[in-house]
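Everything on this sheet refers to the single structure shown next.
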Protein chains: 2
Amino acid sequence: MLPTQMSEARAAAPAAQSPALEAGRQRQGRLWSNLKEVCDLLHIPAAFSMNADELLFQHVQFKTGQRVHTIGQPFDTLYIVNSGFLKTVLIDEFGNEQVLSFPMKGDMLGVDGIHSRHYSSEAVALSDCDLILLPFKKLTALGRVHVELEHMMYGVMSRELVREQAMIGMLGALSAEARVARFLVSLADRFAQMGYSSKLFNLRMTRHEIGSYLGLTLETVSRTLSAFNEIGLITVDQRTIGIKDAEALKTLRRLPPSRSRSKSPASRKAAAEAPAAAPPVQLVAAV
Amino acid sequence: MLPTQMSEARAAAPAAQSPALEAGRQRQGRLWSNLKEVCDLLHIPAAFSMNADELLFQHVQFKTGQRVHTIGQPFDTLYIVNSGFLKTVLIDEFGNEQVLSFPMKGDMLGVDGIHSRHYSSEAVALSDCDLILLPFKKLTALGRVHVELEHMMYGVMSRELVREQAMIGMLGALSAEARVARFLVSLADRFAQMGYSSKLFNLRMTRHEIGSYLGLTLETVSRTLSAFNEIGLITVDQRTIGIKDAEALKTLRRLPPSRSRSKSPASRKAAAEAPAAAPPVQLVAAV
DNA sequence: CGTTAGCTTGAGTCAATTCAACAGCTGTGG
DNA sequence: CCACAGCTGTTGAATTGACTCAAGCTAACG
């Protein structure tokens, strides 16, 4: 169904490639993480005055294509991605998937299930994954004892909300090119954050999934990537993307969206193109 | 700047019309609500074993056009809408507004500020409003004592997240007509939930704001409403909307989105139109 | 009573989609 | 081992939904 993990072995393919997980230890033949490791993963500054290894959280592994949770399934646990790549999707009345996010290391899954006590989305592994289980009841109970944990929860949920707001803003206001450009930039940022190269990486998802995520068709995504390639903003070879001009990608926009304050009609065409002030094709030592 | 409150006096105009607030009492010349009332507003079943009036939350009033909070402003309090209508917006680098939501009675504001400790959106009153202040620190402290309160917080944040996910799905997958149709239906539902007529109501926002919210131009919104009016799905008179065929609005969709599983190419055109199985214009006793 | 903001409607345009053909790669099975 | 089936990705051509531009109308306000 999904591509094999062959691509994992390719150059510059980050994550999920090594069975040596950064966080986690063996116990009873399984991997467990303590609170400190969980907080580190979430980028939450945790000033813990507690015995770290007192409470441990279990890991679970999922293979490519496996579902972590499905829509309507009773909610009882949150997940944190320790390694690997996933997608979360909504499924409409015709069975069409709408991709909501591409969770990776440090992201939390399952928050949408808290309210109705049932997951409202589906999470699918795009590569082999290692997730940390956070039983929700246990978590809230702990939150009452460890204030930092509670703050972590609020912080993560709020962060997720802000992320989705930005997504709504993007879908509502940006052109196809701008969406694809920002998608690439945000992916690059994520990779950088995880310690991988932000200049050369492999996409974990199909054009179809990217299109669904960005509210575009796969053809438009493909064409846009090709166009960026021709302009020299990126290099494309199947799922291997090289970022050549991150600045241009970041600032790429729609032609001034309608009733903008800019009175000059002449500035339009100019603003539509990438502000390639510097020579377009500037090779960057990748990997 | 914004329309006057004249429209409030019109027929079937809900909320903000009466100074008699359902929740709240006078104390020191101001309105306050207890925890029970707050929970009721949020539709959170609160089985409280506590002295209700022990902890009170202060109300604040905002006039039409006033800002509740602005982008970048330090975060310290959440708000619950007790009455009135608002919009929350993102503002891009050119000053263009992107509407994110239209909060009304029972909705919570400010959650996006928790993560970065600064509000990431701006909330503007579209009518005179009465909001309940929830100082965040106080709230989390209380949450540790009253478990229900903590659950309320998680529940509300999760609910908000699910709502935004649905929004993303809508923006990513639906046609202009379908978006407008669902917008009307969701408004009607909200009004019904608040005890107002779901068959006849006044929009609180301009076409421009609706367009921004739905990722469309104001012209498209206007045209679509006119079209629905002609088909007999609704009646339109400026901001007064009458819902005539809620079912048709609910099921109105885009022509099967591309690679859908449906093999039959013949079914396309049919599905594009509203499934008006029943005679199209079916008058409903309104108000 | 003129001004302004909001709404409607028309005409033309264009960005993104739909439809279609083809190429590359993988896994399968004869 | 090679042919074949399926998925993925690319590219072209034609179509169209939504946008832009523009004009005019209404209601509210100073």
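In what follows, chains are A, B, ... by sequence order, proteins preceding strands, each numbered from 1. These figures come from a predicted structure and were not determined experimentally.
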Q. Residues in side chain to side chain contact (heavy atoms under 4.5 Å, CB included) with B/S120, at least two apart?
A. A/V162, A/Q165, B/D112
Q | Polar contact flag, side-chain donor to acceptor under 3.5 angstrom, B/D130-B/S83 | A | no
Q.
How many whole angstroms separate atom CD of A/E177 from atom C1' of C/dT17?
A. 14 Å
Q.
Is it true that A/S212 and A/E209 share a donor-acceptor pair across their side chains at a distance under 3.5 Å?
A. no
Q: Would you mind classifying the nucleic acid contact of A/T220 as base, sugar-phosphate or nothing, using non-hydrogen atoms under 4.0 angstrom?
A: base
Q. So which nucleotide from D/dT10, C/dA16, D/dA18 ends up closest to the side chain of A/V236?
A. D/dT10
Q: Identify which nucleotide among D/dT8, D/dT20, C/dA16 has an atom closest to any side-chain atom of B/T217, counting heavy atoms from C-beta outward.
A: D/dT20
**Q.** Nucleotide C/dC7, atom C1' - distance to CG of B/D237 in whole Å
**A.** 11 Å
(Q) Can you measure B/L216 atom CG to D/dG17 atom C1' for me and round it to whole angstrom units? (A) 11 Å
Q.
Would the distance check show the side chain of A/R207 and the main-chain N or O of A/E219 forming a donor-acceptor pair, the cut-off being under 3.5 Å?
A. no
Q: Answer yes or no: does a side-chain N or O of B/R207 lie under 4.0 Å from OP1 or OP2 of C/dT8?
A: yes
Q. Tell me: CG of B/L203 to C1' of C/dG6, nearest whole Å?
A. 13 Å
Q.
Nearest whole Å is fine: how far is D/dG17 P from B/L214 CG?
A. 18 Å
Check nucleotides 12-15 of chain D against the protein and report each pair of N or O atoms closer than 3.5 Å, with its distance, or say if there are none.
residue, atom, partner, partner atom, Å
D/dG12, N7, A/R223, NH1, 2.8
D/dG12, O6, A/R223, NH2, 3.0
D/dA13, N6, A/R223, NH2, 3.4

Q: Sequence neighbours left out, what passes salt bridge (Lys or Arg N to Asp or Glu O under 4.0 Å) with B/R223? Give chain and number order.
A: none
Q: Specify the separation, in whole Å, of atom CG of A/L225 and atom C1' of D/dT10.
A: 11 Å
Q) Heavy atoms under 4.0 Å, any strand shown: does A/G215 hit a base, just sugar-phosphate, or nothing? A) sugar-phosphate
Q. Do we see a donor-acceptor contact under 3.5 Å between the side chains of A/S127 and A/T64?
A. no
Q: Measure the distance from NE2 on A/H208 to P on C/dT18 and round it to the nearest whole Å.
A: 11 Å
Q.
So if I take every side-chain heavy atom of B/S226 and compare against C/dA16, C/dT8, C/dT9, which nucleotide ends up nearest?
A. C/dT9
Q) Which nucleotide sits closest to the side chain of B/S175: C/dT17, D/dA18, D/dT10? A) D/dA18
Q: Answer with yes or no after comparing the ring centroid distance for B/Y213 and B/F183 against a 6.0 Å cut-off, counting only values under it.
A: yes
Q: Using whole Å, report how far CG of B/L218 lies from P of C/dT9.
A: 13 Å
